[in-house]
Amino acid sequence: MELPKTYDPKPVEAKWLEKWAKDKLFESSPRSSREKDSPFVIVIPPPNITGALHMGHALNNTLQDVLTRFWKMRGCEANWVPGTDHGGIATQNVVEKALKAEGKKRNDLGREKFLERMWRWKQECGNTILEQLKKMGCALDLRPENVRFTMDDVRGKAVTEAFKRLWGKGLIYRGERMINWCVRCGTALSDIEVEHEERDSKLWHIHYPLYVGGEGGLCGEGPVVATTRPESMLGDTAVAVHPEDKRWKHLIGKKCRLPLTDRIIPIIGDRAVDPKFGTGAVKVTPAHDPVDFGIGQRNDLESRPVIGFDGKMTPLAGPEYRGLDRDACRKKVVEDLRAGNLLREEKPYRHSVGVCYRCNQAVEPLVSKQWFLNMEDSARKAIEATKQGKVRFYPQSWEKPYLNWLENIQDWCISRQIWWGHRIPVWYCPNSKETFSYDRPGMKVEVGDVDCKPMFGTELDRPKQCSGCGSAQLEQDPDVLDTWFSSALWPFSVFGWPDKTKELGYYYPTTVLVTGYEILYLWVARMVMMGVEFMGEVPFRDVYIHGIVRDRFGKKMSKSLGNVVDPLVLMEKYGTDAMRFALMTQTVPGRDIQFSEDSIVGARNFCNKIYNATRYILMILEKLPSEVRKKIAGHVSEPQNLLKMNLDLADRWILGRYSQTVQSAKASFAGYRVDESARSIYDFLWGDFCDWYVEISKLSPPEKKTEVFGIVCVVLEGCLKLLHPIMPYITEELWQVLNDKLGKKSEDCLLQQKWPDFGLLPNTQDAESMRMMKDLITAIRTMRSEFGVPPGEKIEVYYDKMENSLYNLYRDNVHLVINLAKVKGDAAGNNPPRNSLQYSLPWVTIYIPRSEVDGDKLKTKLNKELVSLASEIESLSKQLENQDFVSRAPREKVSEIKRRHEEARQRQSRLQEVLRNLN
RNA sequence: GGGCCGUUAGCUCAGCGGCAGAGCGUCCGCCUUACACGCGGUAGGUCGGGGGUUCAAAUCCCUCACGGCCCACCA
């Protein structure tokens, strides 16, 4: 059967995907004990069930797959744990959008019906992304019973248990605080779910007339405040200045009139005011600004919420403004101020605005009653563990920002006013003052007057009656938990915590977490805290942080920019292995990737190169007698035996380079430098093996075929293993075909093979000798090319006398020169005819007899070389004349410089002689 | 305001104390029976600027400039 000339990934990928699943290759179960037999464990950053695979997933999961496959081949019990995340706000938004298309809102359906709809969505679309990961070749055990979901029963149990324990410790509390409210999503957000975006706006200076007292209030020149949010002035309850500010100090204690209203507000002194900013006077809106909230508390100011949960002005904003949207209100306030001659200045101002990380709308700081989690204690423990080196960051530079965040830990607002998520397991008595309906938009405020305490309980295990008044009319808190709450438990909830399962004992703590830096605080830091809190041990030893995949101009990919590349399209067009390889060569820990299609073309070409090299080798094997093939198969099984054979320079050289590549690829994979690994295998396989050794193998005499093709097959087979973690499909295919051709029948897959361990150390003498032969061949090729010798023409070459050891080297390998540089025969040491092309290496001068030599062209070339040689000699001799260098540098270094200096001098004198002969 | 990362060939990026590298692109020549998704050859760089440490700096330290990111109650 003829193999086609170019590699066609599609049928190959489909075939092996099926075989891997059939052979249960990715399944894992705990071995006897962790101490004896430590596993390699990764829990997947659970993709959101709304998600379709994007380049970020492709990068993140390819990295995990590479590591998983590598360590499995290294003999570890490898377990990459799959699952998905319910994705709170994000997922609810998607379904709400679908509802909107039907002209409905979630309230039209009611909670129960809406949740049914959410679950239906999860059933239908929730596994899409896992299917796509499977297509990418990910070594995930995707049997339904092995796929976790943050809202399945086991994970739900973990969430309740975690809540209960934290509640029991008094770390979870309900409080009225200023929180970030997303008007569009209709929920509170935690501080780190707010992103800061620079936006163009204006800074307005507003005059607040002084109130001098008396009937009706005589108004005089008062403070001028600076603000970026004029609409919030309707909720002002004071003006604040710095207590020592000379400009305004005299006003402290006086009052002024709040423009557009008839309210009289005090002028106070507070150190939170920066005298250098704006006018030095600040309007204070305790209900809508975190700083002002603090000022309000310190100075016992009234809080007047003028912006509601719906983003519209409340009745407190006054009859003129109530019901207006906050943006419309801003316009009107500015107009009215201008009309009232109270607007002193209006200048363009660019400043950062907090926006919702899910919908990009400006968040509104509002006072609201929410659930909070105090994490000071677990943060302290997490810091301690990290500083003891129990968590290591790759790259290390991320440790500092992570620690810094932990050191400044704030209480975490964990309640969300949405329906999709883990419902807060707390029940209220309707007769109590403490009840959920207190501040919910659109809910009736019915506050009882009894002091009953909220009670812990779930929907399935609800408290029967109020522990205070005995009422049986208990109602559960309508809110759900932040989606990141369940994510924080992921590294142990996936193994069945709080049950003490065998899995939990064997797989926890996990080996490495692979993730992007954008969720370092949202997720990574919180997992560490919850890990130390509940397991008493950090959840992972290593954190590998990768960057973002950007477009070819370095811009973030986004739907609105239209610069998104779809990994599935790339896989379809170039093959999955090509996409994986392209990503892996470009990912340096912690750094973003500028991805363009060019890079994947290169990777595709590499696939083709490997494919064709194998195709060639198969063709050769076919032609060999079956007993030779058998011997070759023996070498592939026992590569060490090759070292006992009679080997030529090139053989020893390629085996040395091979063993070097095996070692460096191993070290790089183990150190999370997949990029280095990929590059070193690429360079070796293409640059050394294909370009040189396979070409050389074509020259081997019949009696050496066993050794030479033994080496070819050993190196190829080994490289397929080295590449397998990165390019699973093509390597599997070629490895199977190769084995088949070698008569090694097996049902096994490449992933089940041991990582190559080739004991030969590269011999420096061989490497040096081979370099000299390659240099000679290249020099002759260069002359041929530069002086237009027709490619097919065999040429005569003469050499200067070489010293004995060099001559022996040359003589032993002359067949390489003859064939690879297309030279007629061995003429070393003969007297070259006049009219020769002449060229020098440090150890020999080459003469190529030509009648039609272009002397000028040759002279130009030689002169150019002499110039660069001269500068090299100068810098080398300078070093050697430097006594400090000779005495202080390591001895090997000094002798190396001496050697290079001597070589350069020799080459120089040879070139000069060549030039003289030309004249 | 604090911190982090980057600045190396035309482009994208490795290298991070001891001879400046790769891929793509350029230019020249080749369908040499594994591969034109290929082969051989070629050009192209004061390693952002300035100081310092060192026998030796793209590499370590300081500083400046530019670009990007993160954090902070930047009215």
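Since we're looking at a predicted model, the values are computed, not measured. In the text below, chain A, chain B and the rest are named by the order of the sequence lines, each starting its count at 1.
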For [N], does either OP1 or OP2 sit under 4.0 Å from a side-chain N or O belonging to [X]?
X: A:Thr285; N: B:A75; answer: no
X: A:Arg673; N: B:G15; answer: yes
X: A:Asn605; N: B:G38; answer: yes
X: A:Gln586; N: B:U12; answer: no
X: A:Thr585; N: B:C13; answer: no
X: A:Lys609; N: B:C39; answer: yes

**Pair assignment for RNA chain B - dot-bracket with | for other-strand partners, Watson-Crick or G-U under 3.5 Å** = ((((((((.[[[[.)..(..]]]]..((((.......))))......[[[[[..)....]]]]])))))))....
Over all strands shown, is [X] touching base, sugar-phosphate only, or nothing at heavy-atom distances under 4.0 angstrom?
X: A:Arg679; answer: sugar-phosphate
X: A:Tyr521; answer: sugar-phosphate
X: A:Asp289; answer: nothing
X: A:Glu786; answer: sugar-phosphate

**Prompt:** How many Å lie between CZ on A:Arg550 and P on B:G67, as a whole number?
**Reply:** 16 Å
**Prompt:** Quick one: A:Arg604 CZ to B:A36 C1', roughly how many Å, whole number?
**Reply:** 12 Å
Does any N or O donor sit under 3.5 Å from an N or O acceptor when you compare the side chain of [X] with the base of [N]?
X: A:Lys5; N: B:C35; result: no
X: A:Lys698; N: B:A34; result: yes
X: A:Gln410; N: B:A72; result: no

**Message:** Could you tell me how far B:G40 sits from B:A22 if I compare only their P atoms? Round to whole Å.
**Reply:** 14 Å
**Message:** Suppose you measure atom P in B:A14 against the same atom in B:C30; what distance do you get, rounded to whole Å?
**Reply:** 38 Å
**Message:** Measuring from the side chain of A:Lys822 (C-beta onward, heavy atoms only), which nucleotide among B:A34, B:C39, B:U32 has the closest atom?
**Reply:** B:U32
**Request:** For A:Ile777 and for A:Tyr7, locate the closest nucleotide of RNA chain B by heavy-atom distance; then report the residue assigned to the nucleotide nearer the 5' terminus.
**Result:** A:Tyr7
**Prompt:** Do the rings of A:Tyr611 and A:Tyr7 sit parallel, tilted or perpendicular, given the 30° and 60° boundaries?
**Reply:** tilted
**Asked** So A:Tyr402 and A:Phe393, would you call those rings parallel, tilted or perpendicular, with 30° and 60° as cut-offs?
**Response** tilted
Output a table of nitrogen or oxygen pairs between the protein and nucleotides 1-8 of chain B separated by less than 3.5 Å.
unit_1, atom_1, unit_2, atom_2, d
B:C4, OP1, A:Lys400, NZ, 3.1

**Item:** Over all atoms of both residues, closest heavy-atom pair of A:Glu695 and A:Asp691
**Value:** CG-O, 3.5 Å
**Prompt:** Could you give the distance from OH (A:Tyr521) to OG (A:Ser190), rounded to the nearest 0.5 Å?
**Reply:** 13.5 Å
**Prompt:** So, A:Tyr682 versus A:Thr585: side-chain donor-acceptor pair below 3.5 Å or not?
**Reply:** no
